[in-house]
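What follows is a set of notes on a single structure, which appears directly below.
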Amino acid sequence: MRVCHAPEAVAVLEIAKPAVEFKGVRKVFQSRSGPLEVLRDFSLTVGEGEFLAVVGPSGSGKSTVLNLLAGLDAPDEGVITCNSRFVDGVNTDVGYLTQHDSLLPWRTVEENVAVPLEIRGVPIAERRERVGAMIAGVGLKGFERHYPSQLSGGMRKRAMLARTLIYDPATLLMDEPFGPLDAQLKLVLQAELMRLWSESRKTVIFVTHDIVEAITLADRVVVLSPRPSRVKLGERIAIGRPRSVHDVRFAPAFEDHYRRLWGAIEADIGRPQHDHQ
Amino acid sequence: MRVCHAPEAVAVLEIAKPAVEFKGVRKVFQSRSGPLEVLRDFSLTVGEGEFLAVVGPSGSGKSTVLNLLAGLDAPDEGVITCNSRFVDGVNTDVGYLTQHDSLLPWRTVEENVAVPLEIRGVPIAERRERVGAMIAGVGLKGFERHYPSQLSGGMRKRAMLARTLIYDPATLLMDEPFGPLDAQLKLVLQAELMRLWSESRKTVIFVTHDIVEAITLADRVVVLSPRPSRVKLGERIAIGRPRSVHDVRFAPAFEDHYRRLWGAIEADIGRPQHDHQ
Amino acid sequence: QAPKAVPLTIGIGGYTFAYLPLLAAKATNILLEEGLDVSLVNTGSGTNTLAAMLGGSIEVSGLVMSDVILAAAKGQKIQAFAPLMSQYASDAIISVSAAKKVGIEPGMPLKERMARMKGLVLAVSGRGSGIDKLWRYMLALGGLDPDRDVTLTVVKLDQMYSALKSGQIDGFNTTAPANNRAVDEGLAVWVARPSQGEVPGLENFLYTALCARPGYTADKADVAGKLTRGLARASQMLQDNPKEVGRLMQKEFFGQTDLQLIESAVVDQRKTAAVPPTLSQQQFDQNLEFMVRFGHDVKGVTYRDVIDPRLLSA
Amino acid sequence: MTTNDVAAPAGRTGFKPHGRSWRVSRIWVYRLLFAVGFLAFWQFASGRLADPFWISSPSAIFARLTEWVRAGTLQHNLLITFKETIAGFLMGATAGVLAACVAGASDTIRRTIDPFVTAIYGLPKVALAPLFIMWFGIGMAPKIVLAAVSVFFLVFFSTLSGVREVDRKMVDALRTMGADRLRIQRCVILPAAMPWIFTGLKLGLPYGFVGAVAAEMMASNAGIGFLTQNAAGQLDTAGVFAALFALMVVTSLLNEGLGRLEAWIFRWR
Amino acid sequence: MTTNDVAAPAGRTGFKPHGRSWRVSRIWVYRLLFAVGFLAFWQFASGRLADPFWISSPSAIFARLTEWVRAGTLQHNLLITFKETIAGFLMGATAGVLAACVAGASDTIRRTIDPFVTAIYGLPKVALAPLFIMWFGIGMAPKIVLAAVSVFFLVFFSTLSGVREVDRKMVDALRTMGADRLRIQRCVILPAAMPWIFTGLKLGLPYGFVGAVAAEMMASNAGIGFLTQNAAGQLDTAGVFAALFALMVVTSLLNEGLGRLEAWIFRWR
Ligand SMILES: Nc1ncnc2c1ncn2[C@@H]1O[C@H](COP(=O)(O)OP(=O)(O)OP(=O)(O)O)[C@@H](O)[C@H]1O
Ligand SMILES: Nc1ncnc2c1ncn2[C@@H]1O[C@H](COP(=O)(O)OP(=O)(O)OP(=O)(O)O)[C@@H](O)[C@H]1O
Ligand SMILES: [Mg+2]
Ligand SMILES: [Mg+2]
């Protein structure tokens with residue numbers, strides 16, 4: 001394992017039991033303008049129960065990392081393990097809130113949210129109750145019987161959030177779940193997520209473009225470099241828990257974290273645009 | 001015109017020539033759980049060349065307002081004018097960057113961006129040149145020949161941005177154009193948008209969830225109330241131009257604006273969830 | 001000789017012995033010798049042949065006389081100018097097992113045979129078709145009521161043999177060689193043979209003829225004359241040398257059928273060919289009467305309407 | 001918005017009170033106008049522009065229909081064809097959807113069998129008449145089979161296309177949730193392929209009738225094909241058209257019904 | 001990823017070097033196995049399980065084919081049917097797509113004409129044989145027309161469904177940019193309806209052959225339909241199957257070609 005370039009190597013040592021591991025992963029996409037190398041020698045370890053936030057330039061490969069972990073795509077080189085099993089097919093250990101819309105358009109909100117419970121064969125009464133609670137939790141009460149096409153962009157994302165959380169998987173992958181939400185609602189849902197996480201201590205990988213959000217929620221924030229992507233910075237967040245989503249930004253360490261992360265991102269200015277080989 | 005509830009009434013008086021006007025607009029959607037009133041007695045005036053930012057809770061009706069103005073949907077009551085014409089069909093005066101993805105999946109990025117020029121019959125040589133420049137402007141150089149399915153979420157949004165800007169319409173409607181972009185790129189594109197706008201002084205209506213972004217870019221920020229939606233606050237931004245996207249947040253008025261806007265948004269906490277009539 | 005040959009397309013309703021002299025004339029090259037390069041087009045049914053003629057895509061066709069009369073009754077102008085068959089060349093067969101069941105034996109008189117047909121399933125090509133009429137006519141001879149004593153079921157002409165072979169029907173009547181084949185193969189036995197003149201009232205029946213639009217014989221006297229002559233020669237040859245004609249026909253039209261079968265069928269059916277060629281008023285009346293008897297509204301049709309005998313009298 | 005009118009200002013009609021029912025009745029007015037115009041032209045042309053022997057005339061056809069209805073002939077024969085077709089349709093459509101789901105589940109299976117299925121689909125069924133008669137006799141069975149076969153292929157190929165067009169993202173979403181093959185079929189693939197299935201059904205139903213009628217023309221004692229065949233044999237064009245007209249009405253009504261069912265199923269749009 | 005294999009671990013195969021070509025040849029192996037198995041069973045069954053009179057046998061069919069190829073009969077007749085069908089297919093498909101675009105452009109037009117088009121589509125064409133023959137004669141024309149008609153409806157209804165299924169959002173996006181009807185058709189509706197159009201074409205091509213052959217069976221002196229009819233008239237099952245087999249091969253090959261074209265057009269996936 002080549003850890004020399006990975007600033008989170010230190011962190012790795014502290015982690016007792018890794019839940020997710022990427023080792024030397026390479027991913028190349030083919031396109032009309034030639035192959036595009038997205039990940040090269042990409043390594044990342046996430047401990048069990050760790051809340052990891054991933055930030056990085058647009059198009060750097062964040063969603064690709066999650067897709068690989070979910071087993072929806074296969075790496076060209078390297079191995080990926082999740083909960084001590086190699087990922088080489090669809091990984092049903094994870095709950096994946098994708099960046100794109102994946103609600104079933106012919107099902108109402110409540111029917112969509114109920115899907116994972118149906119799959120698990122949860123009895124209908126319990127299902128109804130849990131679905132109702134979860135929908136209320138993401139602020140969609142009153143929209144249970146709306147179809148996705150009758151929701152706003154933010155509401156659709158919230159319905160997906162409800163569907164992912166109700167599922168209660170060991171590992172949560174979330175790709176910009178709060179992107180299209182207003183500042184106020186974002187805080188509410190961040191708080192809700194924090195509460196759920198601290199109750200169950202799931203492993204969470206959380207992609208976001210909002211550095212404040214990353215610091216607020218995560219145990220560790222990794223910054224991806226531009227393509228071909230690797231972990232450029234691994235920042236362990238030294239803010240104690242429980243945290244309040246409103247007050248994190250006033251924590252003494254916040255300013256430091258923010259500046260370091262921002263610096264890592266900003267350094268990519270003038271990053272190469274031509275990277276087809 | 002009932003302006004008594006509209007705090008921007010004062011602002012209206014200052015505006016010489018309104019480019020866009022909503023007067024007493026009502027919009028009700030039908031759904032399985034009954035009618036849903038999204039806009040009620042909604043009035044808004046945007047001056048010619050004004051940069052208006054719209055913020056508001058998720059599901060409050062921001063996208064609905066833009067759809068009505070673009071003529072893609074019809075109000076149940078009230079009138080909408082755009083550049084002195086009633087909107088009662090598709091409004092081809094506007095360039096509309098929608099919240100949802102509307103790229104043509106069978107066209108490459110460059111072919112997608114070229115669509116508006118094709119429609120206008122721009123000669124092929126000029127078209128190619130302008131498309132190339134625009135694609136570079138949004139940082140998609142090297143991806144000209146990629147299909148939308150081969151782009152990341154943020155890259156798709158940027159392609160849409162390029163397509164909307166190249167079109168050069170009198171009025172620009174933008175629904176969260178920078179939502180799925182990293183902080184750094186967001187600044188770059190904000191600066192680019194500012195530059196374009198100050199050159200041409202188009203009328204812009206810009207929906208965002210990012211209050212900082214709203215203050216950075218806009219002449220005026222309106223906050224929508226929860227459903228049924230109306231303009232709750234119209235905040236004229238007292239920061240001089242030209243502005244630098246990096247420095248706006250250090251402008252003396254920034255803090256004030258931010259606090260007032262945040263206050264208006266936060267007041268909606270515990271907003272009604274059940275609003276089917 | 002070949003370069004002088006006039007091309008001519010003739011429509012027929014199928015490669016069956018209903019057009020025996022025509023098939024013979026073509027197969028024996030008699031028509032070519034007369035200076036006609038004839039090609040036959042199978043339209044599958046009389047209606048289709050009529051349609052092709054009235055639409056103008058063919059000028060001459062072989063038709064069943066009753067179709068011509070029916071068309072005339074409906075205002076279509078078509079005239080027969082040369083006879084093909086002057087026997088009702090549709091012979092009835094029933095399967096061997098059916099014959100055993102009802103006790104029909106070869107030696108029995110026709111009436112007796114018909115009387116024993118009770119309870120059988122017999123194929124017709126359509127209600128009111130020639131086959132239907134023939135069954136009804138013959139069954140009536142045996143004192144049966146066709147609507148109650150037997151089941152007349154519609155089966156497409158070219159599927160009758162298959163239907164019989166697979167046991168779906170007990171019998172059918174049609175032109176050779178399908179019925180000859182069934183008999184030769186031991187599948188079926190004859191129950192009535194109008195072609196051999198054994199059915200009273202149907203002797204010397206003008207069954208099929210070559211037809212064209214009125215005036216054809218005047219406008220294309222040359223071609224029509226050659227045709228008529230050729231057919232007469234072929235009919236004669238059928239009488240004189242049926243085996244040879246059968247051999248040539250097998251080569252030309254029935255390449256996949258047993259030579260023996262075709263030869264014997266030709267021998268069997270040769271008497272049906274119109275020798276000497278006549279299109280008489282009496283033959284017409286017989287046709288008309290046969291149709292009227294089965295309720296066709298053809299009373300207004302006259303001999304002159306449907307028959308142009310000028311080439312024959314010449 | 002149920003409209004697909006590209007040019008009309010979007011939506012507005014859809015929001016008017018009673019917009020839909022007015023729209024519906026307007027459509028019926030147009031249809032009536034169209035039908036009346038067509039029939040009037042036909043009646044005019046008959047005897048003037050073309051020989052009624054070939055094209056008959058609406059009045060003659062109507063007379064024949066009345067006669068048949070009085071005598072009960074039409075009802076009797078139509079009902080028989082209807083029963084045969086519906087039985088065939090149900091069998092063929094069910095088999096088509098199921099087979100498409102199976103074939104669509106694996107690219108290998110699909111691509112292996114594709115040329116064979118296409119080849120059989122492209123066989124002129126009339127040419128196989130002897131086989132049909134031998135295997136299925138001359139009763140209702142061959143008609144039902146031919147109707148079923150005609151429906152099967154159209155539904156099969158349409159559904160298969162639908163299954164192939166399903167958005168992978170939705171399938172992937174359910175797979176990560178641990179859904180098995182069957183549930184994905186039921187929850188994603190079938191609903192997503194619904195527009196395709198309906199296209200298949202709407203293509204298949206009329207061809208089911210065509211199949212049944214063709215089989216009736218081959219060998220039968222009753223049914224629309226039998227009526228047609230009889231009328232054709234007697235050069236009775238009015239009879240042929242009357243039988244076909246009755247068939248057309250039934251086909252159109254059933255397809256309209258399918259359209260309604262589709263609209264109801266797609267109420268989520 | 002060209003796979004639609006729901007169960008296979010997504011993608012991985014697609015990324016292997018030479019994955020595709022290996023995949024392709026594997027498919028051909030399966031197809032060959034399938035064909036050989038089927039023929040072997042047929043050969044075995046013939047004479048043992050069923051009378052060769054009904055089902056003939058692969059060896060007899062092969063013998064007949066060789067004979068025909070030697071004599072040039074097969075090439076001659078196949079070429080004629082092929083020409084007729086291709087001409088009909090091109091006409092029918094073009095007309096179908098265009099008509100669907102027109103009908104799909106307005107909900108009112110579509111819903112007005114829908115029952116009439118369905119009714120005509122559902123007519124058994126055989127019943128109209130006399131009309132076809134009268135109007136179009138007995139040459140190539142009626143075959144081309146019947147092929148075109150058969151193709152037309154399938155392409156029309158498929159394309160129409162596709163046009164109706166087009167994502168409104170893309171249409172709206174282009175409309176706000178000031179695109180006119182024609183450009184929207186060209187840039188959005190046609191590409192979006194492409195999978196539907198291809199389904200229509202793939203459904204239509206074999207039916208074009210069926211139509212041409214049916215017309216040949218009605219009246220002709222050349223073509224596969226003629227061969228079939230001729231053989232059927234002589235109860236020559238091997239001849240019928242030989243003619244149909246040649247037809248099936250051509251149909252399958254052409255449809256395989258259409259599939260390739262489709263894959264090329266959909267390379268953006
Ligand atoms: N199917 C594909 N074919 C070709 N290239 C692809 C494909 N999917 C993704 N890419 C490329 O891979 C790169 C990384 O994509 P990815 O979606 O992982 O980015 P991201 O980090 O999630 O970006 P964003 O923040 O914009 O969502 C992009 O440059 C994209 O163009
Ligand atoms: N077609 C529709 N049918 C029924 N309800 C609809 C429809 N479109 C939108 N709505 C409802 O209208 C409300 C406003 O939607 P809109 O998309 O305008 O919200 P928004 O302010 O853009 O929200 P977001 O920030 O989440 O995008 C939502 O509550 C949504 O449920
Ligand atoms: Mg992404
Ligand atoms: Mg919105």
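Here is how names work: the chains are called A, B, and so on, in the same order as the sequence lines, proteins then strands, and each is numbered from 1.
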Under 4.5 Å heavy-atom distance to chain D, tell me which part of [X] shows up: side chain, backbone, both or neither.
| X | value |
| --- | --- |
| C/Thr153 | both |
| C/Ser129 | neither |
| C/Ala51 | both |
| C/Ile169 | side chain |
| C/Ser66 | neither |

Q. Among C/Asn179, C/Asn173, C/Thr174, which one satisfies side chain to side chain donor-acceptor pair (under 3.5 Å) with C/Ser90?
A. C/Asn173

Q. If we ignore angles and hydrogens, is there a donor and acceptor under 3.5 Å between the side chains of C/Thr175 and C/Thr16?
A. yes

Q.
Would you call the rings of D/Phe153 and D/Tyr121 parallel, tilted or perpendicular, taking 30° and 60° as the class edges?
A. tilted

Q. In terms of ring plane angle, is the pair C/Tyr303 and C/Phe284 parallel, tilted or perpendicular, where the classes change at 30° and 60°?
A.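 Geometry flag for C/Phe284 against C/Tyr303: perpendicular rings.
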
**Q.** Under 4.5 Å from a heavy atom of chain C, the part of D/Trp54 involved
**A.** side chain

Q. Of the listed residues (D/Met217, D/Gln234, D/Gln229), which shares the most heavy-atom pairs with chain C below a 4.5 Å separation?
A.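 Heavy-atom pair counts peak at D/Gln234.
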
Q. How about D/Leu74 and D/Glu67: do any of their side-chain heavy atoms sit closer than 4.5 Å?
A. no

Q: Measure from NZ or CZ of C/Arg136 to the centre of the six-membered ring of C/Phe294 and say whether it is under 6.0 Å with the direction within 45° of the ring axis.
A: no

